Amino acid sequence: MSIRRAKDSDKEELISLIDKFRMSLAELRNKEYKEDLEMAETELRDYLCDDYPIYVAECSGQGIVGYMVCRVDDGVVWVESLYVLAEYRRKGFATSLYEKAEELADSLGGQAPYNWVDPNNHMMISFLQKRGYSVLNLIELRRPEHEEKTTQKIRVGSHEFDRP
């Protein structure tokens, strides 16, 4: 296993992984998703244009099996996306990638990276909890989209919300 900054030659593999990450997010929200490599390429291009640090995880002989994108805003590191192919999960790739975000944060003053996580993303929530991360005071609210179905209830303090 090796973790390194992304290079120009990683473009095609990154586009595929970004698309798979978008698919996994859609699944968390019970939405249909069709492969959209053009959108993934646009997303990668935006990251590169904005000079976001991108790290990749390589597995010997298998190529790139995961990636992480960070955004640095006023010295604060935000982990924009962290994705590892399903067959390589629980093998230390995400941990090694995330350590790069923490190293970046340390180099900028020591504040731990921030994360926005879908409440249905139990794997990421568990991952961050095991690393000692806690919930802050952020909650994102919106109206359900047209024909979006409610799948669960979420409690925030004394308030209960429908969760699409």
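Just so it is clear, the model here is predicted, and its values are computed rather than measured. For this chain, numbers begin at 1 and follow the sequence in order.
- Between the CD1 atom of I18 and the OG1 atom of T42 there is a distance of 10.0 Å, given to the nearest 0.5 Å.
- Between A101 and C70, the shortest heavy-atom distance links the atoms CB-SG, 3.8 Å.
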Under 3.5 Å donor-acceptor pairs involving side-chain atoms of residues 81-90, not counting sequence neighbours:
from, atom 1, to, atom 2, distance (Å)
Y88, OH, Q62, OE1, 3.3
R89, NE, V84, O, 2.8
R89, NH2, V84, O, 3.0

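- Residues Y33 and L25 fall into different hydrophobic clusters, defined by Ile, Leu, Val, Met, Phe, Trp and Tyr side chains chained together at heavy-atom separations under 4.5 Å.
- Using a 4.5 Å heavy-atom threshold, the side chains of I15 and D19 count as separate.
- Remark: side-chain polar atoms of N120 are paired, donor with acceptor, to backbone N or O of L28 under 3.5 angstrom.
- Here the closest non-hydrogen pair linking P113 and N115 is O-ND2, 3.5 Å.
- The minimum heavy-atom distance linking K91 with M1 is given by the pair O-CE, 3.6 Å.
- The environment of M23 atom CE is dense: over 12 non-hydrogen atoms of other residues, nucleotides or ligands sit within 6.0 angstrom.
- Residues satisfying the side chain to side chain donor-acceptor pair (under 3.5 Å) criterion with S16, sequence neighbours excluded, are K20.
- With sequence neighbours left out, the ring pair (Phe, Tyr, Trp, His ring centres under 6.0 Å) criterion links Y133 to Y98.
- Note that the CE atom of M68 and the CZ atom of F21 stand 12.0 Å from one another [nearest 0.5 Å].
- If you take NZ on K34 and CE on M39, they are separated by 13.0 Å, rounding to the nearest 0.5 Å.
- With S96 contributing its side chain and G92 its backbone, the two residues share a donor-acceptor pair below 3.5 Å.
- Rounding to the nearest 0.5 Å places CD1 of I3 at 10.5 Å from CD of E103.
- F93 and C59 get closest at one heavy-atom pair: CZ-CB, 4.0 Å.
- With sequence neighbours left out, S24 forms a side chain to side chain donor-acceptor pair (under 3.5 Å) with no residue at all.
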Please step through side-chain contact (heavy atoms from CB on, under 4.5 Å) for the pair E41 and K11, ending with a clear verdict. CA-CA 8 Å; E41 183 174 10; K11 180 182 174 185; 3.0 Å; yes
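- Summarising the geometry of R5 relative to V56, their closest heavy-atom pair is O-CG2, 4.5 Å, with the distance given to 0.1 Å.
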What side-chain donor-acceptor pairs closer than 3.5 Å can you find for residues 47-55, not counting sequence neighbours?
from, atom 1, to, atom 2, distance (Å)
Y47, OH, E43, OE2, 2.6

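- Residue L17 is not grouped with residue M123 when hydrophobic side chains (ILVMFWY) are merged at heavy-atom distances under 4.5 angstrom, including chains of intermediate members.
- The distance from the CD atom of E12 to the CG atom of L37 is 8.5 Å, given to the nearest 0.5 Å.
- Scanning for side chain to side chain donor-acceptor pair (under 3.5 Å) contacts around E58 gives S2, R4, with sequence neighbours left out.
- A distance of 5.5 Å separates CG in L44 from CG in L14, rounded to the nearest 0.5 Å.
- Between E99 and R131, the closest side-chain pair of non-hydrogen atoms falls below 4.5 Å.
- Heavy-atom minimum distance, D118 versus I125: O-CD1, 3.9 Å.
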